[in-house]
Enquirer: 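Mind looking over this structure? Questions follow.
Note that the coordinates shown come from a computational prediction; the quantities given were computed from them, not determined experimentally. Read the numbers this way: they start at 1 and go in the same order the structure lists the ligands and their atoms.
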Amino acid sequence: MIMILLFLIAFVGGTLEYYNTEKQRAQNQSNEQKLEELKVIQLKIKAEEARIKAQIASKKAKETKKSHKKKVAFPSFTTQNNNETNSVISLKGVSKWYEDFQALKDITLEIKLKEKIVICGPSGSGKSTLIRCINRLEAHQEGTIHVSGIELHERMKDIDVVRQDIGMVFQSFNLFPHLTVLENCMAGPNWVRGVDKTKAKERATAMLEQVKIPEQANKYPDQLSGGQQQRVAIARSLCMQPKVMLFDEPTSALDPERVSEVLDTMIDLANSGMTMICVTHEMGFARQVADRIVFMADGEIVEQNSPEEFFNNPQHERTKVFLDQILE
Ligand code: ADP
């Protein structure tokens, strides 16, 4: 009897233990399953969070890009409602060194919409460096340069956006020798701005007409005179529809008889309302076109004035010496 009782107790105990263990195992399994499910949910939440964050970042990036484009777009020189007092280019306390040599010293200069500025001065005075800093072909180390409200500095990623609105014509023409005149003019809009070929060709043809050499469209640069090549270089810059044109001694590499055709093109451009900064020794051009003449020496702006005052009433001894030399 006792044996039976003991057996029954042991059996019930074992069954209960088995039941409890099984229950515990089932519970654990269910907990583990729940944990797994929770992990999956957590992963899904994280993925969704990342997706939303990416969406917000992309939206922000687009907005920044848009507002940047807005800022960069200078008031066009062809529109009617321009605020003519706006500074398109502003330099404040700009200094630049080439290693130990200081090429620009504390330059402050404001250029307004549609203004034509002629920069002159002896060789080595920093004229070229100054305009190269304006489209950041050279970096300045002190002071600030703003182009249409955007500061140029070493950390900026979008200098190309600013450069698209600044045309630059150099002493050497820098045309692509393996492309025709027309192709040279189409290249920028087509390659850089993605303008389709038909439109790029239309624009190139119009600009070649503007610089008065449409008949040269299918020639290669080495089939043209220096003056003609420089006019192509101007047309090519204009094809990018810049808001400001910088000229760095555009006639100094030309034969004397070719100078006037390039100056005439620049005069036409000035009359069309383009904002222009020209480094040149062509004082006749300066007299005729400039709103202001800036005279530089030893990396500094010595004097700036209207052409009339500049030529008839120079204030500084250095300006007088320069004018005596250049006008004799
Ligand atoms: P400008 O256009 O008035 O003739 P630049 O701006 O070309 O004068 O040059 C100003 C000074 O800076 C000159 O003394 C010139 O030798 C010097 N300079 C210009 N470019 C460099 C350079 N890349 N490295 C060192 N010195 C330079």
Enquirer: For atom 8 (O) of ligand 1, is the nearest protein heavy atom under 4.0 Å away?
Expert: yes
Enquirer: Show me which atoms of ligand 1 lie under 4.0 Å from any heavy atom of Thr129.
Expert: 5 (P), 6 (O), 9 (O), 10 (C)
Enquirer: For residues Leu104 and Trp97, determine if any side-chain heavy atom of one lies less than 4.5 Å from a side-chain heavy atom of the other.
Expert: no
Enquirer: Assess whether a salt bridge exists between Asp291 and Lys116, defined as any Lys/Arg side-chain N lying under 4.0 Å from an Asp/Glu carboxylate O.
Expert: no
Enquirer: Do me a favour and list the nearest non-hydrogen protein atom to atom 4 (O) of ligand 1 with residue, atom name and distance?
Expert: Gly124 N, 2.7 Å
Enquirer: Please list the nearest protein heavy atom to atom 3 (O) of ligand 1 with its residue and the distance rounded to 0.1 Å.
Expert: Lys127 NZ, 2.8 Å
Enquirer: Would you confirm whether Glu115, through its side chain, and Lys112, through its main-chain N or O, come within 3.5 Å as a donor-acceptor pair?
Expert: yes
Enquirer: Considering only protein heavy atoms, which is closest to atom 27 (C) of ligand 1, and at what distance to one decimal place?
Expert: Tyr98 CD1, 3.2 Å
Enquirer: As a test of the contact definition, would atom 11 (C) of ligand 1 count as having a protein heavy-atom neighbour under 4.0 Å?
Expert: yes
Enquirer: Can Arg258 and Asp255 be counted as an ion pair, charged N to O under 4.0 angstrom?
Expert: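 Salt bridge absent between Arg258 and Asp255.
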Enquirer: Answer with yes or no whether Ser123 contacts ligand 1, where contact means a heavy atom under 4.0 Å from a ligand atom.
Expert: yes
Enquirer: Can the positive tip of Lys96 be found less than 6.0 Å from the middle of the six-membered ring of Tyr98, inside 45° of the ring normal?
Expert: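 Because its charged atom sits under 6.0 Å from the ring centre and within 45° of the axis, Lys96 does stack over Tyr98.
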Enquirer: As an exercise, identify every atom of ligand 1 less than 4.0 angstrom from a heavy atom of Ser125.
Expert: 1 (P), 3 (O), 8 (O)
Enquirer: Passes side chain to side chain donor-acceptor pair (under 3.5 Å), Glu303 versus Thr319? Steps please.
Expert: CA-CA 8 Å; Glu303 174 166 0; Thr319 319; 2.7 Å; yes
Enquirer: Taking distance alone, with no angle check, do Glu138 and ligand 1 share an N/O pair under 3.5 Å?
Expert: no
Enquirer: Please write down residue, atom name and distance for the protein heavy atom closest to atom 15 (C) of ligand 1.
Expert: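 Protein heavy atom at minimum distance: Phe101 CE2, 4.7 Å.
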Enquirer: For ligand 1, which atoms sit closer than 4.0 Å to a heavy atom of Ala103?
Expert: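 Checking each atom against Ala103, I get 12 (O).
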Enquirer: Kindly indicate whether a cation-pi arrangement holds for Arg318 with Phe295, taking the cut-offs as under 6.0 Å to the six-membered ring centre and within 45° of the axis.
Expert: no
Enquirer: Assess, by modelled atom type and distance only, whether the side chains of Asn312 and Glu308 contain a donor and an acceptor separated by less than 3.5 Å.
Expert: no
